[in-house]
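Data block below; observations after.
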Amino acid sequence: MPRRGLVLVVSAPSGAGKTTLCKRLLQEDPEIAFSVSYTTRPPRPNERHGHDYFFVDRETFERMIAEDDFLEWAEVYGNLYGTSKSQVLKRLEEGRDVLLDIDVQGAFQVRQKLGREAVLVFILPPSLEELERRLRSRETEDEETIRRRLSVARKEIERAKDFDYLVLNDDLEEAYQTLRAILRAERQRPFRRPDLLERF
Ligand code: ADP
Ligand code: 5GP
């Protein structure tokens with residue numbers, strides 16, 4: 001029997017460094033793959049269809065909801081975002097891990113659907129001031145969007161206590177090593193390692 005795959009759910013207020021941390025994890029760990037979400041948000045200049053997201057119109061997204069294609073979906077900052085159920089389940093059945101970069105509402109939906117198959121990690125910025133600085137430094141959003149994201153951030157952080165793990169992203173290297181350690185340890189839980197136990 002192979003080891004069982006896990007779903008690593010990473011959530012954070014926008015600008016906390018989630019994309020930076022997740023990209024590195026995906027580059028360095030061949031056992032985990034990114035679940036490419038569907039969204040109705042227009043692509044940013046550096047984003048590729050099928051790589052960062054599947055960019056679809058609202059009609060397509062709503063049809064997918066009706067057909068029960070999503071493991072979870074949510075409205076975030078006025079756009080719809082959803083995780084493909086088939087993409088995730090296929091990967092798990094192969095005994096490999098899946099990384100979901102999704103918002104807090106989506107994280108709790110995944111916990112409800114998948115129970116202990118999912119590991120919920122919340123990335124915290126050092127402070128709200130630093131979060132604002134990082135959002136501005138990225139230069140991808142306008143002023144109104146930045147303000148909206150900061151006010152949502154406060155509410156998201158209130159829900160962080162219900163996650164399995166917190167990772168403080170102050171020093172980037174340290175935060176990355178903590179994220180790696182969580183994944184490494186979670187892979188060793190007995191229910192995920194029938195392959196180890198069946199040797200005896
Ligand atoms: P998110 O995906 O959470 O919205 P990003 O990964 O895009 O956030 O990071 C937001 C900005 O903050 C980026 O410009 C990124 O380079 C920067 N950043 C990420 N982590 C750190 C850190 N530990 N220290 C300083 N800047 C950081
Ligand atoms: P962005 O538009 O900056 O790429 O993402 C905005 C927010 O939507 C981020 O918090 C991101 O994690 C979240 N998000 C991306 N994909 C999904 C998804 O499939 N489901 C949910 N619930 N949130 C998502």
Side-chain angles (χ1 to χ4, degrees), residues 7-27 33-56 60-61 64-65 69-88 98-114 118 120-142 144-146 148-157 159-160 163 166-179:
V7 176
L8 186 69
V9 178
V10 182
S11 294
S14 181
K18 183 175 48 172
T19 307
T20 309
L21 288 164
C22 289
K23 281 209 167 129
R24 181 159 166 206
L25 189 65
L26 291 162
Q27 269 167 13
F34 184 61
S35 155
V36 180
S37 292
Y38 287 76
T39 185
T40 61
R41 160 170 87 59
R44 295 181 185 137
N46 55 343
E47 289 178 330
R48 280 186 289 139
H49 182 80
H51 180 78
D52 301 281
Y53 285 104
F54 292 104
F55 297 97
V56 296
T60 305
F61 197 100
M64 291 180 72
I65 296 174
D69 286 344
F70 293 120
L71 178 63
E72 63 73 37
W73 67 271
E75 181 157 352
V76 188
Y77 314 120
N79 293 301
L80 300 175
Y81 294 82
T83 301
S84 157
K85 194 192 285 178
S86 59
Q87 230 185 95
V88 171
V98 194
L99 176 67
L100 305 191
D101 167 344
I102 62 177
D103 87 318
V104 171
Q105 310 167 69
F108 292 126
Q109 289 179 52
V110 172
R111 163 57 29 94
Q112 268 195 334
K113 290 241 176 86
L114 297 184
L120 271 53
V121 177
F122 193 90
I123 312 286
L124 284 167
S127 64
L128 286 173
E129 292 71 29
E130 173 62 13
L131 184 67
E132 180 168 358
R133 201 193 61 72
R134 288 184 193 171
L135 271 177
R136 290 187 191 286
S137 76
R138 196 167 62 182
E139 292 179 342
T140 49
E141 282 87 17
D142 57 30
E144 200 213 311
T145 307
I146 289 176
R148 192 149 45 125
R149 290 189 173 205
L150 283 171
S151 99
V152 171
R154 289 192 187 87
K155 298 197 182 80
E156 288 171 332
I157 292 170
R159 303 186 70 187
F163 277 62
L166 299 177
V167 174
L168 178 67
N169 183 20
D170 187 355
D171 178 77
L172 185 61
E173 182 62 28
E174 202 178 317
Y176 177 70
Q177 293 306 335
T178 305
L179 185 61

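In listed order, ligands and their atoms are each counted from 1.
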Could you tabulate the donor-acceptor pairs under 3.5 Å formed by side-chain atoms of residues 12-21, not counting sequence neighbours?
residue: Ser14; atom: OG; partner: Arg138; partner atom: NH2; Å: 3.4
residue: Ser14; atom: OG; partner: Arg149; partner atom: NH1; Å: 2.9
residue: Lys18; atom: NZ; partner: Asp101; partner atom: OD1; Å: 3.0

Report the member of Gly15, Pro125, Gly17, Ala175 with the shortest heavy-atom distance to atom 19 (C) of ligand 1.
-> Gly17
Less than 3.5 Å between some nitrogen or oxygen of Asp171 and one of ligand 1, yes or no?
-> no
Ligand 2: protein residues within heavy-atom distance under 4.0 Å | Lys18, Ser37, Arg41, Arg44, Tyr53, Glu72, Ala74, Val76, Tyr81, Gly82, Thr83, Asp101, Ile102, Asp103, Gly106, Arg149
Distance col, row Tyr38:OH vs Leu80:CG, nearest 0.5 angstrom, shows 14.5 Å
Which atoms of ligand 1 sit under 4.0 Å from any heavy atom of Thr20?
-> 5 (P), 6 (O), 9 (O), 15 (C), 19 (C)
Going through the checks in order, is the side chain to side chain donor-acceptor pair (under 3.5 Å) test met by Arg48 and Tyr53?
-> CA-CA 7 Å; Arg48 280 186 289 139; Tyr53 285 104; over 6 Å; no
Using a strict 4.0 Å threshold on nitrogen-to-oxygen distance, state whether Glu156 and Arg159 make a salt bridge.
-> no
Do the ring centers of Phe70 and Phe61 come within less than 6.0 Å of each other?
-> yes
Which of the numbered atoms in ligand 1 are below 4.0 angstrom from a heavy atom of Ser137?
-> 14 (O)
Within a distance under 4.0 Å of any heavy atom of Ser14, pick out the atoms of ligand 1 and give their elements.
-> 4 (O)
Answer with side chain, backbone, both or neither: which part of Asp170 has a heavy atom less than 4.0 angstrom from an atom of ligand 1?
-> backbone
Contact with ligand 1 for Ala12, non-hydrogen, under 4.0 angstrom | no
Per-atom contacts, ligand 1 versus Thr19 - under 4.0 Å to a heavy atom = 1 (P), 2 (O), 6 (O)
Of the protein's non-hydrogen atoms, which lies at the shortest distance from atom 7 (O) of ligand 1, and what is that distance?
-> Arg138 NH1, 2.9 Å
Within the distance-only criterion (no hydrogens, no angle test), does the side chain of Thr60 pair as donor or acceptor with the backbone N or O of Val56 below 3.5 angstrom?
-> no
Among protein heavy atoms, which sits nearest to atom 26 (N) of ligand 1, and what does the distance come to when rounded to 0.1 Å?
-> Arg134 NE, 3.5 Å
Might you work through the side chain to side chain donor-acceptor pair (under 3.5 Å) test for Gln177 and Glu173, ending with a clear yes or no?
-> CA-CA 6 Å; Gln177 293 306 335; Glu173 182 62 28; 2.8 Å; yes
Any sub-3.5 Å donor-acceptor pair from Glu72's side-chain atoms to Ala107's backbone N or O?
-> no
Of all the non-hydrogen atoms in the protein, which one sits nearest to atom 20 (N) of ligand 1, and at what distance?
-> Asn169 ND2, 3.1 Å
Does the pair Arg136/Glu132 count as a salt bridge with the N-to-O cut at 4.0 Å?
-> yes
Indicate whether atom 22 (C) of ligand 1 is within a distance of less than 4.0 angstrom of some protein heavy atom.
-> yes
Modelled atom types, side-chain donor and acceptor of Tyr81 and Arg41, under 3.5 Å = yes
Minimal heavy-atom distance between Val88 and Val7, with the atoms involved, is CG1-CG2, 4.0 Å
Matching residue for Ile123 among Leu168, Leu166, Asn169 - test: side-chain contact (heavy atoms from CB on, under 4.5 Å) | Asn169
